[in-house]
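What follows is a single structure, written as C-alpha cells, with notes after it.
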Amino acid sequence: MEHVLDVIFLALTLALFALVELVVKGVERL
Amino acid sequence: MSAADAWLGVLQAAGILLILALLYVPLGDWMARTFTAVRDWRVERGVYRFIGVDSASAQTWQAYARSVIAFSVVGVVFVYLLQRLQQWLPSSLGLPNVPAGLAFNTAVSFVTNTNWQSYAPETTLGYTVQFAGLAVQNFVSAAVGIAVAVALVRGFASRRSGTIGNFWVDLTRSVTRILLPLAFIAAIALISAGVVQNFTGFVDVHTVTGAVQQLPGGPVASQEAIKELGTNGGGFFNANSAHPFENPTPWTSALEVLLLLAIPFALPRTFGRMVGDDRQGYAIVAVMGVVFVAALIAVSSLEAAGAGAAPHAAGAAMEGKEQRFGILGSALFAASTTATSTGAVNSMHDSYTALGGMVPMVEMMLGEVAPGGVGSGLYGMLILAVIAVFVGGLLVGRTPEYLGKKISAREIKLSSLYILITPTLVLIGTALSFAIPAVRADLEKTSILNPGVHGLSEVVYAFTSAANNNGSAFAGLTANTPWLSTALGVVMLLGRFVPVILVLGLAGSLAAQDRIPSTAGTLPTHRPQFVGLLTVVSVIITALTYFPVLALGPLAEGLVK
C-alpha cells in the first residue's frame with residue numbers, strides 16, 4: 001500500500017510542476 | 001501586565017527596530033554588491049563547474065523560470081525519498097520511515113520555504129533527514145526567494161534587455177555570500193546563549209521524583225539560525241521556538257526576531273541601489289515598516305487586554321505563552337513571524353484571543369509583504385506598487401509608469417493574477433474542506449480541536465499559512481490526515497511557484513522595455529503620498545478579499561464573546 005502511495009505522491013508532484021510549467025507557457029502568450 | 005513589563009516590551013521592540021534601521025544600509029548594500037559583482041568567488045566557480053553552468057551567461061525569463069522549476073522538482077523528490085528511506089540511513093536514531101502522505105507534505109513544505117510541520121520533529125526525523133534534507137532546503141529555498149526578487153529588480157533596472165540574470169549564479173551567491181556567513185555567526189551567538197548543538201540523540205534523565213525521562217538533543221543551533229534568517233520557520237522540536245533548547249531566554253527570542261526580520265527589511269535598500277535611486281528603497285521600506293508596526297501594536301494591545309476570567313487572573317492572556325517571554329515578547333514574535341514567511345512560533349497562536357489571533361492571520365493574508373519572506377516580501381510589495389501606480393493613475397489621471405517602465409495591460413494582468421492566486425487557493429481549499437461531506441466529517445472528528453467558529457478559524461489559518469508559505473499554525477488543528485497533508489501540500493506548491501512564474505514573467509516584460517524619462521505627468525513613487533497610497537492599496541485588497549471569511553471566523557468569535 002505504501003509503495004502505491006509513493007507512486008501517487010511522486011506522480012502528483014510531477015503533475016503539479018507540469019501545471020506550473022503550463023503557467024510559464026500561459027504567461028508567454030499573455 | 002505591569003507597567004514595568006510594558007515598558008520592557010516596548011524597549012525590546014524599539015531596540016530591534018533600531019538595529020534593523022542600522023543594518024538597512026550595510027546589509028542592503030552588501031546584497032546589492034552580491035548580485036552586481038562581476039567576479040565569482042573560488043568556491044562559486046567550483047559549484048558552477050560541478051553543475052555545468054557558465055556564470056557569465058544571462059537567461060531569458062523563461063529559462064530562469066524553468067531553472068527554478070527544475071531545481072525545485074529535484075528538491076521535492078530528494079527530500080521525499082530521504083524521508084521514505086530514513087530507517088536505512090545513518091544517524092536516524094532508530095526512527096522508522098516517514099509515512100508517504102506526511103513525507104509529501106514535508107518535502108513540499110521545506111522546498112517552498114513554508115516549513116509547515118504536521119509532525120513532531122524530534123520523534124519523527126533523524127539527523128540525516130534533518131541535515132541533508134531540511135537544513136539544506138532552509139538555505140536553498142530562501143536563496144530561491146532572494147533570486148526571484150533580484151530578477152524582478154533587474155527587470156526594473158534593465159533597458160531593452162532580453163535577459164534577467166542567471167538563476168544558478170543568483171542562487172549560489174545568495175547562499176555563499178549572504179545566508180551561510182550570517183547563519184554561521186547567528187549559530188555561534190545562539191550556542192553562546194544556551195541553544196543546544198550536539199549529536200547525543202535521546203538521553204535518559206532521572207527526575208527528582210525517580211521517573212526516567214528521555215531528552216532529545218541534536219544540532220539545533222545551526223538549524224535554528226537559518227530557520228530564522230531564511231524566514232523558514234521549521235523547528236527542530238515540536239514546540240518550535242517555545243522549546244527551551246531552541247530558544248532558552250528572552251535574549252535569544254529577541255535575537256531570533258532580529259534574524260527573521262533582518263534580510264526582508266534590508267532588501268528594499270538592495271532594490272534602491274540596483275535601480276539607481278535609494279529613495280525608492282526608502283519608500284518601500286516605509287510601507288513595510290508602517291504595516292508591521294501597526295500589526296505589532298494591534299496584537300500586543302489585544303493580548304494585553306485579553307478579556308475573560310483566566311486572562312484577568314493572570315494579568316493578561318497568558319494561555320499558550322511562555323512566562324519567560326511574557327505577553328509582549330510573544331506578541332512581538334507572533335507579529336514578526338507572520339509579517340515574514342517564517343512561521344516559527346514562541347507561543348501558540350491558537351490560544352491567542354480571537355481578535356489577537358486574527359492579526360497574525362491578517363498579516364499573512366496581506367501576502368506577507370511587511371516585510372515578507374526573504375525575497376518574496378520584496379517581490380510581493382513591488383507587485384503591489386505596480387497595482388498602486390495603476391490605481392494612482394486612474395484616480396488622478398497620471399501616466400501609469402513605475403521607475404521609468406510603462407505599466408501596460410500585460411503588467412497589470414500579471415500583477416492581478418499574482419494578487420488573485422493566493423486568496424483563490426486559501427478560499428477554495430477551505431471551502432472544499434467543508435463542502436465535501438466525507439472530508440468535513442473527518443475534519444470535525446479528527447482535526448478540529450475547537451468546534452464552531454474557532455474551528456473554522458483553525459482551518460482558514462492553515463490554508464492561509466500554506467498558500468502564503470508561512471508555516472505557522474493554529475495548533476489545535478491536527479493536520480496529519482490524508483486530506484490535509486495532500487491539500488495543504490498542493491496549496492503550498494502552487495502558492496509558491498505560480499506567483500514566482502508571474503513575477504518572472506513581469507521581470508521579463510519590464511526588462512524588455514526602455515526606461516522612459518519622467519515627466520510632469522509621472523506619479524512620484526518616492527514621496528510620502530505614494531507610501532500612503534501603497535499602504536492603503538495593500539490593506540484594501542486584503543480587506544475586500546478576506547473580510548467575509550474573517551467575519552465568519554475570528555471576528556464572529558471576538559465580537560460575540
Side-chain angles (χ1 to χ4, degrees), chain A, chain B residues 60-66 68-77 79-81 83-85 97-105 107-108 111-112 409-414 416-418 421 482 485-486 489-509:
Chain A
M1 182 60 187
E2 280 289 298
H3 295 312
V4 176
L5 287 175
D6 282 333
V7 173
I8 290 172
F9 280 115
L10 288 172
L12 177 62
T13 300
L14 297 179
L16 288 168
F17 277 108
L19 186 62
V20 176
E21 168 63 27
L22 278 179
V23 176
V24 176
K25 289 200 166 71
V27 172
E28 277 179 318
R29 292 178 188 178
L30 202 64
Chain B
T60 62
W61 80 262
Q62 293 96 328
Y64 203 104
R66 289 185 175 116
V68 172
I69 294 171
F71 182 71
S72 304
V73 172
V74 171
V76 173
V77 172
V79 177
Y80 180 87
L81 292 177
Q83 296 172 86
R84 297 290 294 131
L85 301 171
N97 295 337
V98 179
L102 182 58
F104 166 73
N105 184 282
V108 171
V111 170
T112 56
R410 179 178 167 79
E411 285 75 33
I412 289 300
K413 282 180 197 169
L414 290 169
S416 302
L417 286 170
Y418 179 100
I421 182 70
S485 284
T486 310
V490 170
V491 165
M492 284 188 277
L493 195 148
L494 297 179
R496 173 71 161 181
F497 293 109
V498 174
V500 159
I501 299 307
L502 297 171
V503 168
L504 293 173
L506 179 63
S509 176

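Computed from a prediction, not measured in an experiment: that's the story for all the values here. A note on names: the letters A, B, ... follow the listed sequences, proteins ahead of strands, and every chain is numbered from 1.
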*Could you tell me whether a side-chain N or O of B:Gln62 sits under 3.5 Å from a main-chain N or O of A:Glu28, the two making a donor and an acceptor?*
no
*asked:* For the CG atom of B:Asn97 and the CD atom of A:Glu2, what is their distance to the nearest 0.5 Å?
replied: 8.5 Å
*Shortest non-hydrogen contact between B:Arg66 and A:Val24, atoms and distance*: NH2-CG1, 3.6 Å
_Under 4.5 Å from any heavy atom of chain B, what part of A:Leu14 do you find: side chain, backbone, both or neither?_
side chain
*Answer whether the closest heavy-atom distance between the side chains of A:Val27 and B:Leu504 falls below 4.5 Å.*
no
*asked:* Keeping B:Arg84 on the side-chain end and A:Asp6 on the backbone end, is there a donor-acceptor pair under 3.5 Å?
replied: no
*Side chains of A:Val20 and B:Leu493: does their closest heavy-atom pair fall under 4.5 Å?*
yes
*Answer whether the closest heavy-atom distance between the side chains of B:Phe497 and A:Leu16 falls below 4.5 Å.*
no
_Interchain contact, B:Ser72 with chain A, by part (heavy-atom threshold 4.5 Å)_ = both
*B:Gly101, B:Gly508, B:Pro99, B:Gly505: which one forms the most heavy-atom pairs within less than 4.5 Å of chain A?*
B:Gly101
*Of the backbone (N, CA, C, O) and the side chain (C-beta and beyond), which part of B:Val76 lies under 4.5 Å from a heavy atom of chain A, both, or neither?*
side chain
*Option from B:Leu417, B:Val498, B:Ile421, B:Ile69 for which side-chain contact (heavy atoms from CB on, under 4.5 Å) with A:Val23 holds*: B:Val498
*asked:* Quick check: closest heavy atoms across A:Thr13 and B:Phe104, and the distance to 0.1 Å?
replied: OG1-CE1, 3.5 Å
*Quick one: closest heavy-atom pair of A:Phe9 and B:Thr486, and the distance?*
CE2-OG1, 3.7 Å
*Please state whether the side chain, the backbone, both or neither of B:Val490 comes within less than 4.5 Å of a heavy atom of chain A.*
both
*A:Leu30 versus chain B, the contacting section by heavy-atom distance below 4.5 Å*: both
